[in-house]
> 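Starting off with a structure, shown below.
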Amino acid sequence: MKQGLVIWGASGHALVVADIIRLMNTYQIIGMIDDKPELAGSEFAGYEVLGGRESLDSLWERQVRTMIVGFGNCHGRLQVARFLRERGFLLATAVHPRATVAADVSIGAGSVIVAGSVINPAAAIGENVIINTSSSVDHECIIGDGVHIAPGAHLAACVTVERGSWVGIGSVVKEGVHIGSDVMIGAGSVVLHDIPDGVLAYGVPARVVRQTSPAA
């Protein structure tokens, strides 16, 4: 009998997460939860939206112990993941069967590795990370908790991306570059030099444009 699992989030990324979970064939999806009250009782991705966080007690009574966060906001994922762990829930990891992941790669709890992505040897992927469609993380990269590597982004060898940062769609990051925490890299950027914490950077080559609001 498969272990029951609930996806937190009923929006676009949750569609992708649900598909990966089905293809993995390890868990039985019980439903979705979302804090938008108007979604309660509706159907999303073929599953009932069970309610918001108030539904966690009833899920626990039903012996559901495993969750995965299914939305894109980096710090929101980290906050929800921390809340779930404080309530005693486990976080599932979702790796699409058509992702290519080297045998020695470590992947933290709650992370989602999407179809077509490639993660090469000696890379380390933190918790609640998204490695999105057809992106690549080359050898010896270090990806911090809550990072989102957007579709079609490519990280050369030995890149570090710190906690809560977002590397935008189609971006390229040169080998050895260090991207700080709470950074947003704009779509289509070419990152040739280190990026400090807490900034928006974009362009070819990428340059710091402004500070971003500190994470809550």
Side-chain angles (χ1 to χ4, degrees), residues 7-24 32 44-45 68-78 80-81 92-102 105 107-108 110-121 123-175 177-192 195 199-206 209 212:
I7 299 171
W8 186 306
S11 57
H13 185 59
L15 289 171
V16 177
V17 174
D19 182 63
I20 297 171
I21 295 296
R22 285 191 294 262
L23 289 169
M24 289 171 59
M32 311 282 196
F44 186 81
I68 190 166
V69 183
F71 59 85
N73 181 280
C74 294
H75 288 284
R77 287 199 314 283
L78 290 171
V80 167
T93 299
V95 180
H96 196 287
R98 287 186 291 280
T100 302
V101 181
V105 170
I107 300 175
S111 290
V112 177
I113 314 299
V114 181
S117 57
V118 177
I119 307 176
N120 275 330
I125 309 299
E127 297 186 351
N128 301 290
V129 169
I130 301 172
I131 307 295
N132 220 322
T133 313
S134 298
S135 60
S136 63
V137 176
D138 221 306
H139 60 85
E140 301 168 272
C141 288
I142 300 173
I143 309 300
D145 295 346
V147 166
H148 186 166
I149 307 298
H154 299 293
L155 278 54
C158 302
V159 167
T160 298
V161 184
E162 298 285 2
R163 179 183 176 92
S165 289
W166 182 301
V167 179
I169 188 168
S171 296
V172 176
V173 183
K174 181 179 177 288
E175 66 273 6
V177 164
H178 181 277
I179 295 173
S181 60
D182 307 325
V183 168
M184 294 190 69
I185 302 295
S189 296
V190 177
V191 185
L192 301 178
I195 304 293
V199 299
L200 167 66
Y202 59 79
V204 182
V209 176
T212 56

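Positions are given from 1 along the sequence.
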> Considering residues, nucleotides and ligands other than F44, do more than 12 of their heavy atoms fall under 6.0 Å from its CZ?
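Enclosed.
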> Anything under 3.5 Å between a donor and an acceptor, one on a side chain of residues 10-19, the other on a protein residue two or more places apart or in another chain? List them.
none

> Please output the side-chain donor-acceptor pairs of residues 140-159 that fall under 3.5 Å, not counting sequence neighbours, one pair per line with the distance.
unit_1 : atom_1 : unit_2 : atom_2 : d
D145   : OD1    : E127   : N      : 2.8
H148   : NE2    : N132   : ND2    : 2.9
H154   : ND1    : S136   : OG     : 2.6
H154   : NE2    : G152   : O      : 3.3

> Using every non-hydrogen atom in the two residues, find where G188 and S171 come nearest and quote the distance to one decimal.
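Scanning both residues, the minimum pair turns out to be N-OG, 3.6 Å.
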> Nearest 0.5 angstrom please: I119 CD1 to I131 CD1, how far?
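Output value for this atom pair is 5.0 Å.
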> First locate atom CD1 of I130, then atom CH2 of W166, and finally report the distance between them rounded to the nearest 0.5 Å.
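The CD1 atom of I130 sits 7.0 Å away from the CH2 atom of W166.
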> Under the rule for side-chain hydrogen bond (donor to acceptor under 3.5 Å, both in side chains), what residues qualify as partners of N128, not counting sequence neighbours?
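Not a single residue meets the side-chain hydrogen bond (donor to acceptor under 3.5 Å, both in side chains) criterion with N128.
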> Quick one: does any side-chain atom of S165 pair with a main-chain N or O of G180 as donor and acceptor, under 3.5 Å?
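A pair under 3.5 Å: yes.
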> Return yes if some donor-acceptor pair links the side-chain N/O of T100 with the main-chain N/O of V118 below 3.5 Å, else return no.
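Checked: no pair found.
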> List for me each residue that meets side-chain contact (heavy atoms from CB on, under 4.5 Å) alongside R98, sequence neighbours excluded, and say none if there are none.
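So R98 forms a side-chain contact (heavy atoms from CB on, under 4.5 Å) with L23, H96.
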> Between OG of S189 and CE of M184, what distance do you get to the nearest 0.5 Å?
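Spacing of OG (S189) from CE (M184) equals 10.5 Å.
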> Counting distance only, does the side-chain N/O of T93 pair as donor-acceptor with the main-chain N or O of G108 below 3.5 Å?
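The answer is yes, because a donor-acceptor pair under 3.5 Å joins these two groups.
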> Might you point out which heavy atoms bring I68 and A92 nearest each other, and give the distance in Å?
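Nearest pair, atom of I68 first, then A92: CD1-O, 3.5 Å.
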> Work out which heavy atom in V95 is nearest to a heavy atom in I107; give both atom names and the distance.
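Minimum heavy-atom contact is CG2-CD1, 4.2 Å.
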> At what distance, to the nearest 0.5 angstrom, does CD1 of I195 lie from CD1 of I179?
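One gets 6.5 Å once the value is rounded to the nearest 0.5 Å.
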> How would you list, by chain and number, every residue that makes a side-chain hydrogen bond (donor to acceptor under 3.5 Å, both in side chains) with N73, sequence neighbours excluded?
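Checked N73 against side-chain hydrogen bond (donor to acceptor under 3.5 Å, both in side chains); zero matches.
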> Would H75 and D182 count as a side-chain contact (heavy atoms from CB on, under 4.5 Å) if you check the C-alpha gap in whole Å, the side-chain angles of each, and the deciding distance to 0.1 Å?
CA-CA 9 Å; H75 288 284; D182 307 325; 2.7 Å; yes
> Who are the side-chain hydrogen bond (donor to acceptor under 3.5 Å, both in side chains) partners of H139, not counting sequence neighbours?
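Testing H139 for side-chain hydrogen bond (donor to acceptor under 3.5 Å, both in side chains), a comparison that skips the adjacent residues, returns none.
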